[in-house]
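Below is one structure, written out as structure tokens; comments come after it.
First the proteins, then the strands, lettered A, B, ... as listed; each starts at 1.
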Amino acid sequence: MTDTAPARKKLFLLDAFALIYRAHFAFSKNPRINSKGMNTGAVLGFTNTLVEVLQKEKPTHIGVAFDAAKKTFRHEQFAEYKAQRQAMPEDIGTAIPYIKKIIQAFNIPILMVDGFEADDVIGTLAQRAEEHGFEEVYMMTPDKDYCQLVTEKVKIYRPAFMGNSAEVLDLDHVLQRFEIDRVEQVTDILGLQGDASDNIPGIPGIGEKTAKALIKQYGSVENLIANVDQLKGKQQENVRNFAEQGLLSKELATIHVNVPIPFEPEELCCSVPDEEKLTALFDELEFRQLAARVLKTGPVRTSATPISPAKGKKSLIPTGAGHQASLFAAPVGITEFIEEDEDTGPIVRRTLADVAHQYHLVDTPALRKELLKFLLQQKEVSFDTETTGLDTMTARLVGLSFCWLPGEAYYVPVPHDDDAAAQALVDEFRPFLEHEGILKIGQNIKYDLTILKHYGIRIGGPVFDTMLAHYLLEPDMRHNMDVLAETYLHYTPISIIELIGPKGKKQKTMADIPPAEVADYACEDADVTLQLKHVFEPKLEALGLLKLLNEVENPLVPVLADVEYEGVRIDSSAMGEYSAQLQGYITDIEKQIFAEAGQEFNIGSPKQLGEVLFDKLQLGGGKIKKTKTGQYATGEEVLSALAPEAPVAALILEHRQLTKLRSTYVEALPQLVCSLDGRVHTSFNQAVTATGRLSSTNPNLQNIPIRTEKGREIRKAFVPRDADHILVAADYSQIELRIMADFSQDATMIEAFRQGIDIHSSTASKVFKVPLSEVDSEMRRKAKTVNFGIIYGISAFGLAQRLGIGRKEAVDIIEAYFQEFPAVKQFMDASINKARELEYAETLLGRRRYLRDINSRNATLRGFTERNAINAPIQGTAADIIKIAMIRIHDWLDKEKLGTRMILQVHDELVFDAPKEEVDLIIPRIQELMINALPLSVPMEVEVGTGQNWLQAH
DNA sequence: TGGGTCACG
DNA sequence: ACGTACGTGACCCAC
């Protein structure tokens, strides 16, 4: 980065606060807390951005601008300016001194001028730089206000963010995005539409779209005001009444390029960083990876102690009286060291190299025997499997690790190139693995259960999954073990990439690494998992979530492992035939579309489609919807509206449907059929949804078509395993509305369910005030939509949209509904109030969904969160109920040694593959177990069907 | 890699 | 005044 006569002068100007805020919120889902309890997300994010731009863009000159601490001239113009902006989060406040020190350590100047904001400083310097012959000037910020400063040479550089790559906005880009001729007009648009985050008022009733249209027509706010007479109705009134406010807003949005700051290129020259200072700072902040990247120094680790049987009879597995506490002279492990830190000061133990540990390689028959003996003495053990890959159907076991005391773990390599030997080794540990009295702890333990199933092991005893424990604690965060270790143990485990290398063509697996090296990694995983369990358990207890974990989530794990392992048989040849048939339809429709369009094009490309429809064919009659990226919108809604006047729109919709069916289902599913058993094995993820539902991936078997004729056909390919079996599908009828009835205790709704009346007809009868017998299908359809709306946290606009009716009519329907079901209204209000107070909503079993935006001043965000406050307990309770039913049914089938297998869960439906002779036995029992899983004050109803395929079973 | 679209409850 | 139903995952195209 030294100045070696650069050919082009390239200046980067960073907007510090904008980048810091963005970095801070980027880490809000996965907060980075160091061992001193400091949230380092903002510092890390900002520094990463800085390092990246230095390394990738290699600027010749650079500066970082901060807003002045004091009020700026804008506050004098408008007292309310940025008034409603929330106080700076405390974590950002503590981050700033560090960020400044880091910038200084990089020998980069900090730019700050009293009375001005960073954008004014950057704008001024950018302009001067251009005057001084700089070929490239980049303003680094995510803030769109800067668009007004862009010129041929001055551009905006939006740093890479949350997976997005960095983006440069040049002059063309800005003009196109704002639909303007000159960049200065950005201030006119911002002045009209205002900016809620800066409390710039704008003119009421004018948003982004109106602002663009008006400026396109009138060129400026001033000219718009001068021609206010040409406007119509309410808009004219607003522009007239708020003319001054509009002009002020434009002024506030204008970046001033006359800041009294000298332009001294030498000051901004890039120079080498002060490595000593950086090392100290990164050390203090505990940025190890960043330090390694910037300072080219890597971590050093010790390896596991191999146990050599030749070294004598003395076992390295401590012996003792069988009491855990007496096994060791002194407790070792991560947790203990953290506690010491607090007492003794700044020593921070963070990786394996820093932490006292005894990780043992157990690789002889004698040692394995001894390990087993100890395992069998424990009440709870964490364990982990190492395998050759992540695909459970093909992965083979490489090793097993065990831990029952923090800091002390054992790794048993498995001969992965010899199936018989591997089986024999696993069998050695069968007494432990199948022991009913020992709690098995794991991180995502379903994976380990599934791997062991391939070796004929059926894990005994209860399981405890730390991933699920954390899912209950923080449902909307990630539950990756490395992150959990960082956050809760202040410990950085060896990364898998460090061990087996990055993903690539010749990806190594655990099998390619010497067992002694794998031992550290594997032992550490078991160790960390055990310690996480000990951290999570009291937290769950305190929040009343331990019962939900122990009685629902954890017991569900082996059930799901079985369901996935069992798989679903797919009739691939039927799929193949249907694929050909669909292809026939598709080709036919394509021809018709091209004929209508007068040209061939890619119908699957929204861009090309939009151009054909709206530019070439001139459809839509003027009012054409666009997406936020400026393309023509061609969604279902738009095309349906077009269909009456343009048959081509209907054809495109049909084409979309058919290609969707072909690519997502008919073509994809047979590819996922396992060659070993001819079935597809989905993965049920138990820790992704915010509400407690399961999700299904690879393939997703929870969204197999049913709503349309051609879609339904696909279900015919879901078949029983053989001719002696049959599919049984059991689904809860209206489970969410029943839960609403129970929660609200609405007398009318409860009565309808107790009477067994069709709930949508019943609602229609009440809302439209006609006798039940006079409810027609149209009324029922509307009532059904209303009932769904109720569960989702209804809004008049949403209902109107769905029903294709006016807003007024929707308001009337909702009012009528609440009049007839007053307790439902009360319940909805109470749910929101409760959530406002607690900042979370909870299900009947106490499962939480945090709603931290429920008190937001942002009305849109708040509204969204309020609907969640209503929906989450309902959707989540339904999820709780079916999970309990699954556990009970699984247990019963197991206990009765029946051949029936649960093969799918689709939120309110369970599908079984049953021997034909068991059908009469299982149906009433499945019904009973589902109905009584969690009794409510209204009866539950479960419909059951059977068939030779999934469609028939409905 | 994200946005658009669409499949399900 | 503002933007709108709740929860998911997969595919395609264009960048």
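Between the base of C:dT4 and the side chain of A:Ser795 there is a donor-acceptor pair shorter than 3.5 Å. Residue side chain A:Lys660 reaches the base of B:dC6 through a donor-acceptor N/O pair under 3.5 Å, judged by distance alone. A donor-acceptor contact under 3.5 Å links the side chain of A:Arg707 to the base of B:dG9.
A cation-pi contact, defined as under 6.0 Å to the ring centre and within 45° of the axis, is absent between A:Arg715 and A:Phe718. For A:Lys607 and A:Tyr632, the positive end is not near the middle of the six-membered ring at less than 6.0 Å and at most 45° from its axis.
Between A:Lys716 and A:Glu713, at least one side-chain N (NZ, or NE/NH1/NH2) sits under 4.0 Å from a carboxylate O, which counts as a salt bridge. Between A:Glu736 and A:Arg693 there is a salt bridge, since at least one side-chain N of the basic residue sits less than 4.0 Å from a carboxylate O of the acidic one.
Note on A:Ser605: a side-chain N or O is less than 4.0 Å away from OP1 or OP2 of C:dA14. Between A:Ser663 and the phosphate of C:dA10, there is no side-chain N or O to OP1/OP2 separation shorter than 4.0 Å. The side chain of A:Thr664 contributes no N or O atom lying less than 4.0 Å from OP1 or OP2 of B:dA7. OP1 or OP2 of C:dG9 has not a single side-chain nitrogen or oxygen of A:Asn685 nearer than 4.0 Å.
Using a 4.0 Å heavy-atom criterion, one finds that A:Gln801 contacts no nucleic acid atom at all. Contacts of A:Arg656 with the nucleic acid, taken as non-hydrogen atoms under 4.0 Å apart, involve only primed sugar atoms and P, OP1 or OP2. Residue contacts shown for A:Arg693 include a base, since a base heavy atom lies under 4.0 Å away. Within the nucleic acid shown, A:Thr659 has no heavy atom closer than 4.0 Å to any nucleic acid atom. Heavy atoms of A:Ile704 sit under 4.0 angstrom from primed sugar atoms or phosphate atoms, though from no base atom. Counting non-hydrogen atoms under 4.0 angstrom, A:Glu736 reaches nothing in the nucleic acid. Counting any heavy atom pair closer than 4.0 Å across all strands shown, A:Asn858 reaches no nucleic acid atom. Among the atoms of the strands shown, only primed sugar atoms or phosphate atoms (P, OP1, OP2) are found under 4.0 Å from some heavy atom of A:Ala690. Heavy atoms of A:Asn703 sit under 4.0 angstrom from at least one base atom. Within 4.0 Å (heavy atoms only), A:Gly863 reaches no atom of the nucleic acid at all. A:Glu909 comes within contact range of no nucleotide atom at all, as no heavy-atom separation falls under 4.0 Å. Using a 4.0 Å heavy-atom criterion, one finds that A:Ile706 contacts the sugar-phosphate atoms exclusively. A:Arg807 comes within 4.0 angstrom of a nucleotide base, judged by non-hydrogen atoms across all strands. Among the protein residues, A:Ala878 comes within range of no part of the nucleic acid, since none of its heavy atoms lies under 4.0 Å from any strand.
Base pairing of C:dC2 is not made with any nucleotide, judged by Watson-Crick or G-U wobble geometry with both donor-acceptor distances under 3.5 Å.
With distances taken from any side-chain atom of A:Tyr665 to the nucleotides C:dC11, B:dA7, C:dC15, the minimum falls on B:dA7. The listed nucleotides are C:dG7, C:dA5, B:dG9; the one nearest the side chain of A:Ile794 is C:dA5. Set against C:dT8, B:dA7, B:dC6, the side chain of A:Leu653 has B:dC6 as its closest nucleotide. The listed nucleotides are C:dC2, C:dC6, C:dT4; the one nearest the side chain of A:Gln875 is C:dC6. In this structure, of C:dT4, B:dA7, C:dA1, it is C:dA1 that holds the atom nearest to the side chain of A:Ala859. Of the listed nucleotides (B:dT5, B:dG9, C:dT8), B:dT5 has the atom at the smallest distance from the side chain of A:Thr634. Taking only side-chain atoms of A:Thr689, from C-beta outward, the nucleotide of C:dA14, C:dT4, C:dG7 with the closest atom is C:dG7.
Comparing the same atom, P, in B:dC6 and in C:dA5 gives a spacing of 15 Å after rounding to whole Å. For B:dT5 and C:dT4, the P atoms lie 15 Å apart once the distance is rounded to whole Å.
For the pair A:Lys607 NZ and B:dT5 C1', the interatomic distance rounds to 18 Å; values are reported in whole Å. We find that CZ of A:Arg715 is positioned 13 Å from P of B:dA7, with the value rounded to whole Å. As a whole-Å value, the separation of A:Leu658 CG from B:dC6 P is 12 Å. Counting to the nearest Å, the C1' atom of C:dC13 and the NE2 atom of A:His655 are 14 Å from each other. Atom CD1 in A:Ile832 sits about 16 Å away from atom P in C:dA5, given to the nearest Å. The distance from atom CZ of A:Phe797 to atom P of C:dA1 is 17 Å, rounded to the nearest whole Å. Distance A:Leu694 CG to C:dG9 P: 11 Å, rounded to the nearest Å. Between A:Glu866 atom CD and C:dA5 atom P there is a gap of 15 Å when expressed in whole angstrom units.
Looking at A:Thr697, its side chain never comes within 3.5 Å of a backbone N or O of A:Asn700 through a donor-acceptor pair.
Ring pair A:His479/A:Tyr471 is perpendicular by interplanar angle, where above 60° counts as perpendicular and below 30° as parallel.
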* To do: Dump the intermediate steps for side chain to side chain donor-acceptor pair (under 3.5 Å) on A:Tyr850 and A:Glu474, then the final yes or no.
  => CA-CA 8 Å; A:Tyr850 288 97; A:Glu474 300 287 350; 5.6 Å; no

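Summary of the strand contacts: A:Asn871 and A:Asn602 both lie near DNA chain C, and taking for each the nucleotide with the nearest heavy atom, the more 5' one is attributed to A:Asn871.
Checking each of A:Leu639, A:Leu651, A:Leu661 against A:Arg656 for a side-chain contact (heavy atoms from CB on, under 4.5 Å) leaves exactly one that passes, namely A:Leu639.
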